[in-house]
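Along the sequence shown, the residues carry numbers beginning at 1.
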Amino acid sequence: MFLTDDLPKPKSTEVLPKGSIPEYTAAEEKEESRRWRMFRIGDQDHRVDMSAIEPYKKVISHGGYYGDGLNAIIVFAVCFMPDSSQPNYRYLMDNLFKYVIGTLEMLVAENYMIVYLNGATTRRKMPSLGWLRKCYQQIDRRLRKNLKSLIIVHPSWFIRTLLAITKPFISSKFSQKIKYVFSLVELAELIPMEYVVIPECIKEVDKELNKKTEDQTNEQ
């Protein structure tokens with residue numbers, strides 16, 4: 001059951017005569033059906049405005065499998081998140097939240113890990129702690145239990161401080177699943193990279209960090 005405010009509104013603001021209904025052309029009906037998509041989260045269906053989140057869908061992707069069986073690698077690229085300065089930011093994040101959780105439900109069959117690409121991300125694109133907590137709380141028990149590892153690549157000082165502050169409030173089991181990785185080479189030592197799509201901006205950050213590390217080593 002959907003709330004009235006969630007339903008698509010007539011395209012005209014004119015007052016319709018009593019008993020009449022708005023008529024859509026075939027093209028409008030096709031566009032309307034393409035705009036909205038249903039996602040199953042837990043035991044409820046949620047409708048997502050796909051046209052609103054189209055530029056941000058790359059935030060979550062499937063990176064192949066690891067180990068034996070269907071152990072999925074889920075890649076979360078924060079650099080594709082919307083900028084918090086946008087006027088419709090809350091609407092975007094609400095729909096993106098449903099899209100991420102609904103997609104996760106579809107991609108994961110057994111155990112899985114999340115590779116959280118944190119590099120090349122400005123503070124205005126960083127999702128809030130509340131949004132991330134909401135994501136974790138909304139996934140069903142199966143997905144929470146089957147999450148075996150959360151690998152944070154290129155962790156910033158900000159995110160490490162944030163996790164340190166919140167550590168007393170999260171379970172020890174979840175804390176043990178978090179691992180920091182400081183380069184793509186290090187990441188490749190942990191997981192197969194064949195199907196992991198790394199954005200170009202992340203590759204550039206990785207090169208810069210590697211060069212900085214090399215320069216510091218040479219100075220010693």
Side-chain angles (χ1 to χ4, degrees), residues 3 5-6 8-9 31-32 34-39 41 46-63 73-107 113-139 143 147 150-166 169-170 178-184 187 196-212:
L3 297 176
D5 289 342
D6 292 332
K9 305 297 189 298
E31 181 61 30
E32 190 70 17
R34 188 183 298 143
R35 176 181 180 182
W36 301 96
R37 181 176 171 187
M38 301 296 294
F39 284 89
I41 301 176
H46 294 264
R47 212 168 53 145
V48 174
D49 186 344
M50 298 301 290
S51 63
I53 67 166
E54 182 64 34
Y56 315 107
K57 286 166 59 179
K58 290 182 181 179
V59 72
I60 186 170
S61 62
H62 198 298
I73 300 170
I74 306 300
V75 181
F76 192 90
V78 196
C79 58
F80 292 125
M81 293 289 284
D83 193 303
S84 61
S85 64
Q86 295 194 51
N88 59 340
Y89 180 71
R90 291 187 66 179
Y91 180 78
L92 286 174
M93 291 299 283
D94 181 55
N95 279 273
L96 197 57
F97 161 75
K98 296 172 189 174
Y99 174 76
V100 167
I101 300 301
T103 301
L104 193 61
E105 295 262 8
M106 292 188 296
L107 294 180
M113 68 167 60
I114 293 178
V115 176
Y116 186 94
L117 300 176
N118 185 71
T121 304
T122 63
R123 285 285 296 274
R124 292 192 305 184
K125 285 193 173 186
M126 283 286 295
S128 68
L129 180 62
W131 191 87
L132 293 172
R133 188 193 304 120
K134 184 181 177 183
C135 282
Y136 185 72
Q137 291 174 340
Q138 286 294 316
I139 62 178
L143 289 177
L147 175 62
L150 171 59
I151 301 176
I152 301 177
V153 185
H154 302 131
S156 62
W157 175 87
F158 173 75
I159 197 167
R160 280 181 283 171
T161 302
L162 196 62
L163 287 173
I165 293 172
T166 57
F169 307 102
I170 59 179
I178 301 173
K179 181 176 180 61
Y180 294 131
V181 167
F182 296 90
S183 72
L184 296 179
L187 178 64
V196 176
V197 178
I198 304 294
E200 286 301 318
C201 58
I202 299 291
K203 292 179 182 178
E204 289 300 318
V205 165
D206 190 66
K207 287 179 183 178
E208 292 174 8
L209 291 175
N210 287 339
K211 187 177 184 305
K212 185 177 180 181

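By the 4.5 Å heavy-atom criterion applied to side chains, H62 and T103 are not counted as neighbours. The closest side-chain heavy-atom distance from K125 to F80 is not below 4.5 Å. At a threshold of 4.5 Å between non-hydrogen side-chain atoms, the residues K179 and I152 do not count as touching. Side-chain atoms of L117 and C79, non-hydrogen and from C-beta on, never get closer than 4.5 Å to each other.
Using a 30° and 60° split on the angle between ring planes, F76 and Y116 fall in the parallel class, below 30°.
The salt bridge (Lys or Arg N to Asp or Glu O under 4.0 Å) test with D49 singles out one residue from K57, R35, K98, R37, and that residue is R35.
S183 and N210 make their closest contact through CB-OD1, 3.8 Å (heavy atoms, listed as atom of the first residue, atom of the second, distance). When every heavy atom of G119 is checked against every heavy atom of I202, the shortest pair comes out as O-CD1, 3.0 Å. Looking at every heavy atom in both residues, F182 comes nearest to H154 through O-CD2, 3.4 Å. When all heavy atoms of V197 and V75 are compared, the closest pair comes out as O-CG1, 4.4 Å. The two residues I60 and V100 have their closest heavy-atom pair at CD1-O, 3.8 Å. Listed here is the closest heavy atom pair of L92 and P82: CD1-CB, 4.0 Å.
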Run the side chain to side chain contact (heavy atoms under 4.5 Å, CB included) check on L187 and V115 step by step: do they pass? CA-CA 9 Å; L187 178 64; V115 176; 4.1 Å; yes
Could you go through M81 and T121, starting from their C-alpha distance and side-chain angles, then the distance that decides it, and tell me whether this counts as side chain to side chain contact (heavy atoms under 4.5 Å, CB included)? CA-CA 9 Å; M81 293 289 284; T121 304; over 6 Å; no
Side chain to side chain contact (heavy atoms under 4.5 Å, CB included) between M126 and F158, worked out: CA-CA 10 Å; M126 283 286 295; F158 173 75; 4.0 Å; yes
Residues V59, V78; criterion side chain to side chain contact (heavy atoms under 4.5 Å, CB included); working and verdict: CA-CA 6 Å; V59 72; V78 196; over 6 Å; no
Could you walk me through whether K203 and E200 pass the salt bridge (charged side-chain N to carboxylate O under 4.0 Å, His left out) check? CA-CA 5 Å; K203 292 179 182 178; E200 286 301 318; 3.4 Å; yes
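With values rounded to the nearest 0.5 angstrom, Y99 atom OH is found 14.5 Å from M93 atom CE. Rounding to the nearest 0.5 angstrom, the gap separating the CD1 atom in I74 from the CD1 atom in I151 is 12.5 Å. Separation of atoms CG (L104) and CD1 (I114) is listed at 6.0 Å; rounding is to 0.5 Å. With values rounded to the nearest 0.5 angstrom, K207 atom NZ is found 10.5 Å from L184 atom CG.
Side-chain N or O atoms of N118 include none that pairs as donor or acceptor with a backbone N or O of P155 at under 3.5 Å.
Geometric assessment of R47 against the ring of F39 yields a negative cation-pi assignment under the 6.0 Å and 45° thresholds.
With salt bridges taken as basic N to acidic carboxylate O contacts below 4.0 Å, one links R124 and D83.
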